[in-house]
Amino acid sequence: MGVVSGYSLPAEEADGLRAAARAALAAQGSPAGHEFYEGLEEHLHRVPESIRTALNALHASSSVCALRISGVRVDPDRCGSTPLSWQEALDDGRQDTEEAQLALLAACLGEPFSWPTIQRGRMVQNLVPVESDREAQSGHGSVALEWHTEDGFHPDRCRYLMLLGIRNPDRVPTTLGCVHDVRLTERGRAVLGERRFLIRPDPEHLRQLAEFAPESAMLRRAHEMDENPEPVALLFGDPDTPHLRIDAPYTTPLPGDDEAAEALAAIVGELGRAQRDVVVGEGDVLIVDNYRAVHGRRAFEPRFDGTDRWLKRMSVAGGPPPGARRAAGARTRAL
Ligand SMILES: O=C(O)CCC(=O)C(=O)O
Ligand SMILES: [Fe+2]
């Protein structure tokens, strides 16, 4: 049974984390930029020990697929009203303390990074519903976001995806499906472990790249990954505690491979069956092991009046699981 573990911060530790974040902010600048993460070690030592223990337990476990830490100090009034777009939130420093807390947790777990194609490379991204993106399969849509491995198409995708709730008044759930919960035939597992599948880039990368760097080599590379993707396996690593990569809307079997199509349908069905809801509310941090769980979001009715659901998001490269390629050291991934 895949496990979502929970850790509720005692008041003292919540205060300790906030104090560590404030000290880091004063010394390192904004967590939105890369400089914040350089030479951060001394600040990581100030994160209360029990929090670091909980993060280490997630890292060390092969059965836990997500951890929810609750009770993080968030002050929604000081944060301000929910922005109507991620662009509007780019330079807003009012959530620095919240972002620095998330950033410290991220840096305790591994190596935080950003994509140049997502929210202009901002290290902490803003997830808010956007009116023009209502139907989009992205963090800015409000239709159901189908489950996926974050950046499943990319070999340097994150090990951990982290979400911090600033506000979520309607308690709109994030969805999670753990690889340990899928029941498959032996043959199905074997097929899913072979390079018989294609995962195309999610169009949000292509869209934002086309907007800000239409002539770039990066955009050409992204198009290449879209038009000519390399075949990959969907299950890999230790067969007893497998890793998973799959992005339901953008994953297909190799053309004409009926056996792969059948195995894909089976795992899609199983992940759907195993799916559970986890609400990231105010002061909750959800950490998804992106190698062991897929995630998505339920549909919801957005308000567009400054009171909408608002999450902060970070991507973290963890010590690579066996067999995975080590991600490049740079804080901004090239596509
Ligand atoms: O809004 C959510 O709960 C999840 C959105 C999502 O898939 C993401 O940020 O990667
Ligand atoms: Fe996602």
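Atoms within a ligand are numbered from 1 in the order they appear, just like the ligands themselves. The structure displayed is predicted, hence computed values, not measured ones.
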Go ahead and list the nitrogen or oxygen contacts between ligand 1 and the protein that come in under 3.5 Å, distances to 0.1 Å, or just say none.
from     : atom 1 : to   : atom 2 : distance (Å)
ligand 1 : 1 (O)  : R309 : NH1    : 2.9
ligand 1 : 1 (O)  : R309 : NH2    : 3.4
ligand 1 : 3 (O)  : T174 : OG1    : 2.7
ligand 1 : 3 (O)  : R309 : NH2    : 2.7
ligand 1 : 7 (O)  : H148 : NE2    : 3.2
ligand 1 : 7 (O)  : H295 : NE2    : 3.1
ligand 1 : 9 (O)  : R313 : NH1    : 2.8
ligand 1 : 10 (O) : E150 : OE1    : 2.8
ligand 1 : 10 (O) : E150 : OE2    : 3.2
ligand 1 : 10 (O) : H295 : NE2    : 3.2
ligand 1 : 10 (O) : R313 : NH1    : 3.2

I'd like to know if the side chain of T82 pairs up with that of R167 as donor and acceptor (distance under 3.5 Å, no hydrogens or angles considered).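 R167 and T82 do have a side-chain donor-acceptor pair below 3.5 Å.
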
Would you kindly say whether E13 and S50 are connected by a side-chain donor-acceptor distance under 3.5 Å?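 Yes, a side-chain donor-acceptor pair sits under 3.5 Å.
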
If the condition is side-chain contact (heavy atoms from CB on, under 4.5 Å), which residues does T175 pass it with, not counting sequence neighbours?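 Per chain and number, T175 pairs via side-chain contact (heavy atoms from CB on, under 4.5 Å) with Q275, D277, R298.
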
R94 side chain to R78 main-chain N or O, any donor-acceptor pair under 3.5 Å? yes

H154 and W115 aromatic ring geometry - parallel, tilted or perpendicular at 30°/60° bounds: perpendicular

Side-chain donor-acceptor distances from residues 279-287 under 3.5 Å, at least two apart:
from : atom 1 : to   : atom 2 : distance (Å)
D284 : OD2    : G281 : N      : 2.8

Looking only at side chains, do Q125 and K312 share a donor and an acceptor under 3.5 Å apart?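 Their side chains do not contain a donor-acceptor pair, so the 3.5 Å distance test is not met.
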
Under 2.8 Å from the Fe ion (ligand 2), which protein N/O/S atoms are there?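 Listed by chain and number, the nearby protein N, O or S atoms are H148 NE2, E150 OE1, H295 NE2.
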
Does the side chain of H59 come under 3.5 Å of the side chain of Y160 through a donor N or O and an acceptor N or O?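 Result is yes, a qualifying pair exists.
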
Kindly check if the number of other-residue, nucleotide or ligand heavy atoms within 6.0 Å of CD (E230) is above 12? no

